[in-house]
Amino acid sequence: IDDRKFSLDYFVSRVETYIQQNGGEGVVTPQNYEVAIGSVQGQLIEEQILLRFAGEKGEAATDEEVNQEIATRMSTADAPINPDDPNFGTRFQGELNRTGLSEDEYRQIATAAVLRTKVLAKFTTEVSPTAEAVRYRLIAVAEQAEADELAGQIEAGADFAALAKEKSLDTTTGEKGGDGGWVPKGILEKALEEHLFAQEVNKVTTYPTKSNVFVFQVTEKAADHALEEPIKASLAQTSFSDWITEKQKALTIKEFDLTNASNLEYLISSAWTSF
C-alpha cells in the first residue's frame, strides 16, 4: 500500500486473527482461503487509509486511547484489564508473543481501530435528522409470471396485505402485510432505490432480482421524514464506506498474489494449523 509493505509472516498473522475472530478453523476453512485473504487485505487497506487520512476529518488518536483499545482487545470475561493495571505491560508482551506482531504493528492496528470509531462517529453527526423517504410494501415470489399475476389482482382490487401474508416468501414483511417501513435515500441498492423513489403513491410494480421477483407498492412519500437512530447509523456507515472507497483511489495497492503457489501454500499451512 504505497510505501507500506507487509511481510508474508505479518499477513499470516493477520489471517490467523481473522480466523479466530470469525469462528475458528471449523468455520473459516482452508477451502475458503480466498474469503479470508480478501477480508484481511480489505482490513489492511482500511487501516492505512484511517492512519493517513483521519486527520482530514479532524480526528486523531491519543496514546491513552490507543492503550485503552489494546486493553479492550486483551480483556476476557475471566481476565479483564485496563491500561493502569500493573500487569498491563506483561499482558501486552504475552499478546505480542501470541500474535507474532511487533509492538509497533500492534499499536498501529489499535490506532486504526480508535480512528475508525472516531471517523464513523463524525459521519454520524453529519447525518441530517430528516431525509427524503418512501414507505412501501412488498410481496416476494419466485417467478415473474406469479408476480405479474399478483400485481394484476391488486390492481383489480385485491387486498395487498392479505396476499402478502399468504404468498410472500419474505416472511418477515409478509407477517406485517408486506410493510417494508419507511426508507430514506441512501439505504437501498441504487437501482432499487431509483425504482421505488420514481413511483407514484399506490402504483403497483414488479421488480426482478437474481433470487426473487418482487411486487412493490409505494404507500407514502415524504420530503423530510424524521430518521430513526438505526437508519442514521446505517447512513453514516454508507458515508464512511464511500469515504474509504474514495480515499483508496489515492493509494497504489498491490494485493496478495494468489498465483504464487509457494506463498499461498505457506500461508494456508501456517494460518490453518490443522490443515
Side-chain angles (χ1 to χ4, degrees), residues 22-23 27-29 31-32 34-35 38-39 42 46 120 123-246 248-249:
N22 289 273
V27 177
V28 185
T29 64
Q31 290 73 25
N32 293 328
E34 290 184 356
V35 174
S39 296
E46 180 177 288
L120 186 55
F123 278 110
T124 301
T125 65
E126 294 173 355
V127 174
S128 171
T130 64
E132 183 181 359
V134 296
R135 186 172 187 175
Y136 68 99
R137 49 187 180 179
L138 66 91
I139 302 173
V141 294
E143 303 291 341
Q144 183 68 53
E146 185 178 3
D148 291 339
E149 181 181 349
L150 290 172
Q153 292 178 26
I154 295 165
E155 289 172 343
D159 185 83
F160 193 112
L163 287 174
K165 290 179 181 179
E166 179 185 356
K167 301 287 188 180
S168 185
L169 299 176
D170 186 335
T171 55
T172 301
T173 58
E175 293 174 354
K176 299 182 291 184
D179 185 22
W182 283 95
V183 59
K185 283 190 172 181
I187 293 293
L188 299 174
E189 183 266 333
K190 192 64 176 177
L192 176 56
E193 177 181 283
E194 291 176 354
H195 174 82
L196 289 177
F197 277 79
Q199 302 309 314
E200 298 177 0
V201 172
N202 293 327
K203 182 178 179 180
V204 179
T205 62
T206 64
Y207 186 86
T209 67
K210 291 182 179 179
S211 55
N212 294 111
V213 182
F214 292 89
V215 180
F216 282 120
Q217 184 180 49
V218 173
T219 58
E220 295 181 75
K221 286 187 171 184
D224 54 354
H225 183 74
L227 300 180
E228 297 179 354
E229 288 304 317
I231 294 295
K232 291 177 69 175
S234 183
L235 289 171
Q237 180 61 58
T238 297
S239 295
F240 174 81
S241 298
D242 290 344
W243 179 76
I244 291 291
T245 299
E246 184 61 30
Q248 186 172 331
K249 296 176 183 178

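As the structure is a prediction and not an experimental result, all values here were calculated from the model.
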Nearest atoms (heavy-atom pairs only) where [X] meets [Y]:
X	Y	answer
A142	V213	O-CG2, 4.3 Å
Q199	V218	CB-CG2, 4.0 Å
L235	P184	CD1-CG, 4.2 Å
T124	A236	OG1-CB, 3.3 Å
V204	Q217	CG2-NE2, 3.8 Å
F160	G177	CD2-O, 4.0 Å

Mind checking the [atom1]-[atom2] spacing from [X] to [Y]? Nearest 0.5 Å is all I need.
X	Y	atom1	atom2	answer
K203	L196	NZ	CG	12.0 Å
N212	L138	CG	CG	10.0 Å
T205	E200	OG1	CD	11.5 Å
H225	I231	NE2	CD1	8.5 Å
S39	N22	OG	CG	7.0 Å
L163	E149	CG	CD	9.5 Å

Handout entry: S241 and Q237 side chains, donor-acceptor separation under 3.5 Å
Key = yes

Handout entry: Distance-only polar pair, side chains of T206 and Q144, donor-acceptor under 3.5 Å
Key = yes

Is it the case that the side chain of [X] and the backbone of [Y] share a donor-acceptor pair, with hydrogens and angles ignored and the cut-off at 3.5 Å?
X	Y	value
E189	L192	yes
E193	G186	yes
S128	A131	no
D170	T173	yes
K221	F197	yes
T219	R135	yes

Problem - Side chains of V141 and L150 in contact at under 4.5 Å (non-hydrogen atoms) - result: yes

Practice task
Apply the test side-chain contact (heavy atoms from CB on, under 4.5 Å) to residues F214 and I139: give CA-CA distance (whole Å), side-chain angles for both, the deciding distance (0.1 Å), then the verdict.
Solution key: CA-CA 6 Å; F214 292 89; I139 302 173; over 6 Å; no

Practice task
Take T130 and L227, measure what side-chain contact (heavy atoms from CB on, under 4.5 Å) needs, and give me the verdict at the end.
Solution key: CA-CA 5 Å; T130 64; L227 300 180; 5.6 Å; no

Handout entry: Enclosure of K176 NZ (heavy-atom neighbours >12, cutoff 6.0 Å)
Key = yes

Practice task
May I ask you to check whether over 12 heavy atoms, not counting those of E132, lie within 6.0 Å of atom CD?
Solution key: yes

Exercise for the section: Let me see the working for L188 and V183 under side-chain contact (heavy atoms from CB on, under 4.5 Å), right down to the final yes or no. Expected result: CA-CA 8 Å; L188 299 174; V183 59; 3.7 Å; yes

Exercise for the section: On the 0 to 90° scale, with breaks at 30° and 60°, tag the H195-F216 ring pair as parallel, tilted or perpendicular. Expected result: tilted

Handout entry: CA sep, side-chain torsions, deciding dist, call: E246, I244, side-chain contact (heavy atoms from CB on, under 4.5 Å)
Key = CA-CA 5 Å; E246 184 61 30; I244 291 291; over 6 Å; no

